[in-house]
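Data block below; observations after.
Positions are given from 1, in the same order as the sequence printed here.
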Amino acid sequence: MQQNLIKFEEYSKRNELEPIDLQQWMDKTHKLLSIDVASTPCDDNLLSRFDLLSCCKHCVVPWQKLGTVYVILCESEASKQEFLKSNPEHKDDIVSAYASLEDIDAELRRMGGQALIKNAHETCPPKNSVRTLALSSGRAIAVGTLSFLAVCAYLLPMTLLITLTLFATMFILGNSILRLVALIHISKDKQTIVESKALNIHPPKDGWPSISVLIPLYRESEVLHSLLENLISIDYPKFKLDIKLLIEADDELTSNALDIFELPYYFDIVRVPPDTLRTKPKAMNYALPFCRSDIIGIYDAEDKPDVMQLRKVAHEFATAPKNAACIQCELDFFNTRQNWFTRCFTIEYRIWFATVLPIVQKLGMAVPLGGTSVFVKRDALEEIGAWDAHNVTEDADLGIRLKRNGYETLVLRSRTMEEANSKGISWIRQRSRWLKGYMVTWLCHMRSPSTLLKDLGWVGFLGFHIMFMGAIVNYLSLPLFWIMWLSVFGIDPFNLAALPLFFSSLFFSIMLFAQVVNISLAYMGLRKNDNTRDLFKWYLTMPLYWPLGAMAAYKATIELVIAPYYWDKTQHGHARAPKHQ
């Protein structure tokens with residue numbers, strides 16, 4: 001075969017053969033020309049003459065130039081035709097040969113390495129990305145802010161205290177009202193969350209859609225075996241499933257652990273070239289061009305999803321309005337009873353995923369997505385620029401950008417079990433990353449408040465502030481709350497007794513209201529879950545849990561100034577409790 005191609009190249013140079021003649025020659029002599037790229041790799045110089053992302057999407061790669069003709073490798077005739085529809089300028093100067101999907105992807109990753117990394121960094125539009133925020137000037141802003149507060153504390157201490165109290169109280173009240181609405185809504189819902197066993201979920205009218213699932217891995221050898229078992233047990237047509245394991249090219253620990261497994265045909269290992277930015281969203285952006293499915297999903301390394309989850313997702317998309325572009329499944333923990341940390345973490349998750357997020361969706365607000373068990377229509381994901389590689393809470397940011405572009409997110413009653421953080425230091429590190437991401441997401445979208453208001457409407461605009469700035473303010477203001485509580489018992493080193501009665505009464509009333517609402521939500525959220533009904537008594541210990549959040553908030557504030565893009569990775573594989581409780 002190779003000898004014939006060499007002879008034909010010489011012939012085409014002398015006779016300036018047209019592409020159609022080359023195709024006819026190939027059809028006549030070989031019927032279907034198959035190329036072994038291992039022995040005859042692609043010409044690296046040709047890729048720059050084609051649209052790299054289009055090549056990735058349609059599974060084609062330029063192989064050789066024979067005279068005036070480009071020979072492209074494609075997986076099938078259909079992929080070639082789809083490529084030509086998107087690139088009509090090439091319809092008269094290319095012919096096709098055949099290569100396997102694995103070989104084509106390998107060549108595209110090899111040839112397009114730096115271009116793919118650049119795209120992974122910059123696919124999110126500059127106006128929506130953290131990378132274009134002036135975070136480098138954060139030190140000057142921080143110093144200026146602290147200096148201003150110090151001067152105010154010296155010259156106008158009571159004015160500063162009243163201002164800070166009102167500011168914190170405003171967000172606590174807003175958050176409590178949102179949760180009260182959630183409480184009213186969940187009180188009317190009589191259904192209980194149970195894990196799916198073997199439900200008869202019929203395929204959509206057009207058949208099961210193809211689903212690509214991205215699983216970013218970094219130093220995850222401890223949970224790899226259970227992860228693969230969980231993924232293989234998913235009940236979905238395998239020929240419609242594309243599972244991509246994303247590992248950093250220099251992560252020898254995970255790579256060596258993967259080598260001992262014989263993966264099914266629908267698994268694909270994507271090695272992400274290392275560079276200065278090492279984040280989960282960058283890895284997913286790098287892999288996205290190699291996903292050819294209708295729906296893109298995300299799981300974390302320690303996840304155990306409901307075995308019927310993908311069928312539920314496909315069915316939900318098929319019956320939902322066309323602008324429903326994203327589905328967030330509920331998250332829970334399989335090591336709930338490991339220790340006090342995991343019990344409190346479970347209570348917190350039950351409040352958020354079982355009670356708050358459903359009402360956020362129902363009110364038409366933007367849903368801050370969780371980092372896993374999220375499924376997005378591929379077309380919508382590409383339209384908005386995929387994930388922001390520089391945002392350490394790319395999930396929550398994605399939910400906001402979907403809503404701003406006219407798309408809706410649905411909260412699906414299908415449970416994914418995760419590993420709860422069981423160590424205090426690890427919990428603080430994880431929570432500080434989340435809060436830092438909330439800070440940069442709020443700053444990013446508030447660059448143009450009027451545009452944000454136009455995109456989200458008044459309800460969505462207020463909800464955005466309550467959920468993002470509210471979470472930050474609540475934690476940062478906790479020390480102020482503690483000091484004010486101490487003054488009730490006569491411990492008043494800052495002379496808070498001088499605070500006007502109206503402000504102190506308002507503050508304590510709102511605090512009491514917030515506690516009543518949260519206790520009620522915890523009860524309802526735990527009652528709705530067949531796995532966590534006995535945890536309610538542990539809610540009384542939550543006042544000892546929240547101070548960790550304050551520590552995380554101040555850590556996040558410092559990192560926002562000195563290391564805004566740093567990804568403080570959560571270590572997995574420390575669970576001791578049984579996975580089925």
Side-chain angles (χ1 to χ4, degrees), residues 124 128-135 138 141-142 145 167-168 170-172 174-176 178-179 279-281 298 300 326 328 331 345 348-349 351-353 356-357 360 365-372 374 387-404 409 421 427-449 452 455-456 460-478 545-570:
C124 182
N128 293 327
S129 176
V130 175
R131 71 180 185 274
T132 56
L133 277 178
L135 295 177
I141 296 174
T145 302
F167 187 68
M170 176 180 65
F171 281 103
I172 294 170
N175 190 275
S176 299
L178 175 62
R179 293 180 176 229
T279 63
K280 174 182 174 181
I298 305 130
D300 281 342
C326 182
Q328 169 72 69
L331 303 181
F345 209 165
E348 186 182 7
Y349 257 41
I351 293 175
W352 183 247
F353 284 99
V356 176
L357 279 193
V360 167
M365 298 177 180
V367 176
L369 301 172
T372 182
V374 173
W387 297 275
D388 183 358
H390 295 77
N391 194 324
V392 294
T393 51
E394 82 297 331
D395 40 13
D397 170 69
L398 182 67
I400 303 302
R401 288 194 289 119
L402 282 167
K403 182 65 176 180
R404 294 190 68 174
T409 295
N421 247 315
W427 189 96
I428 290 172
R429 293 173 60 186
Q430 181 186 61
R431 188 57 55 97
S432 69
R433 171 165 56 83
W434 293 355
L435 290 172
K436 180 173 66 174
Y438 268 39
M439 291 176 185
V440 296
T441 298
W442 186 86
L443 290 170
C444 190
H445 289 279
M446 278 296 289
R447 281 184 285 195
S448 176
L452 181 65
D455 292 342
L456 298 181
F461 185 75
L462 293 175
F464 170 77
H465 290 293
I466 289 171
M467 288 184 286
F468 282 81
M469 182 55 70
I472 299 163
V473 170
N474 285 351
Y475 279 127
L476 289 177
S477 58
L478 273 177
Y545 176 77
W546 299 128
L548 297 174
M551 296 170 64
Y554 282 97
K555 177 178 180 291
T557 304
I558 295 171
E559 283 191 4
L560 179 67
V561 176
I562 64 175
Y565 308 137
Y566 171 63
W567 188 282
D568 209 341
K569 180 181 169 7
T570 304

Find out whether L478 and Y554 are in side-chain contact, i.e. whether some heavy atom of one side chain is under 4.5 Å from a heavy atom of the other.
no

So, D397 versus H445: side-chain donor-acceptor pair below 3.5 Å or not?
yes

Taking it one step at a time, do K280 and D300 satisfy salt bridge (charged side-chain N to carboxylate O under 4.0 Å, His left out)?
CA-CA 10 Å; K280 174 182 174 181; D300 281 342; 3.0 Å; yes

With a 4.5 Å limit on heavy-atom distance, are the side chains of M446 and F464 in contact?
yes

Mind checking the CG-OG1 spacing from N391 to T441? Nearest 0.5 Å is all I need.
3.5 Å

Side-chain donor/acceptor of T393 to backbone N/O of G437, under 3.5 Å:
yes

Quick one: side-chain hydrogen bond (donor to acceptor under 3.5 Å, both in side chains) partners of H465, sequence neighbours excluded?
W442

Any chance CE of M551 has more than 12 other-residue heavy atoms, nucleotides or ligands included, within less than 6.0 Å?
no

side-chain hydrogen bond (donor to acceptor under 3.5 Å, both in side chains) with T409: which residues, sequence neighbours excluded?
none

Set of residues satisfying salt bridge (Lys or Arg N to Asp or Glu O under 4.0 Å) with respect to R431, sequence neighbours excluded:
E348

Tightest non-hydrogen contact, residues L476 and A553, listed as CD2-CB, 3.7 Å

S432 side, atom OG; M439 side, atom CE - distance, nearest 0.5 Å
9.5 Å

What heavy-atom pair brings F353 and L331 nearest, and what distance separates the two atoms?
CZ-CD1, 3.5 Å

In Å and rounded to the nearest 0.5 Å, what is the CG to CZ distance from D455 to F461?
11.0 Å

Test your reading of the model: is there a side-chain donor-acceptor pair from Q328 to the backbone of V367, 3.5 Å cut-off?
no

For the pair F345 and Y545, name the ring-plane relationship: parallel under 30°, tilted 30 to 60°, perpendicular over 60°.
tilted

Testing the basics here: between G460 and M365, what is the closest heavy-atom pair and its distance to 0.1 Å?
CA-CG, 4.3 Å

CG of L456 to CG of L462: how many Å apart, nearest 0.5 Å?
10.0 Å

All salt bridge (Lys or Arg N to Asp or Glu O under 4.0 Å) counterparts of D395, not counting sequence neighbours
none

Counting C-beta onward and ignoring hydrogens, is there a side-chain heavy-atom pair between S176 and F171 closer than 4.5 Å?
no

Sorted by chain and number, sequence neighbours left out, side-chain hydrogen bond (donor to acceptor under 3.5 Å, both in side chains) with N474 holds for none

Gap separating the CG atom of D388 from the CD atom of E394, nearest 0.5 angstrom:
9.0 Å

Say whether, by atom type as modelled, one donor and one acceptor occur between the side chain of Y475 and the main chain of A552 under 3.5 angstrom.
no

Is a side-chain donor or acceptor of K555 paired with a backbone partner of A550 at a separation under 3.5 angstrom?
no

Quick one: salt bridge (Lys or Arg N to Asp or Glu O under 4.0 Å) partners of R131, sequence neighbours excluded?
none

Distance col, row L548:CG vs I428:CD1, nearest 0.5 angstrom, shows 5.0 Å

K403 versus A366, closest heavy-atom pair with distance:
CB-CB, 3.6 Å

For C444, does its backbone N or O pair with a side-chain atom of R447 as donor and acceptor, under 3.5 Å?
yes

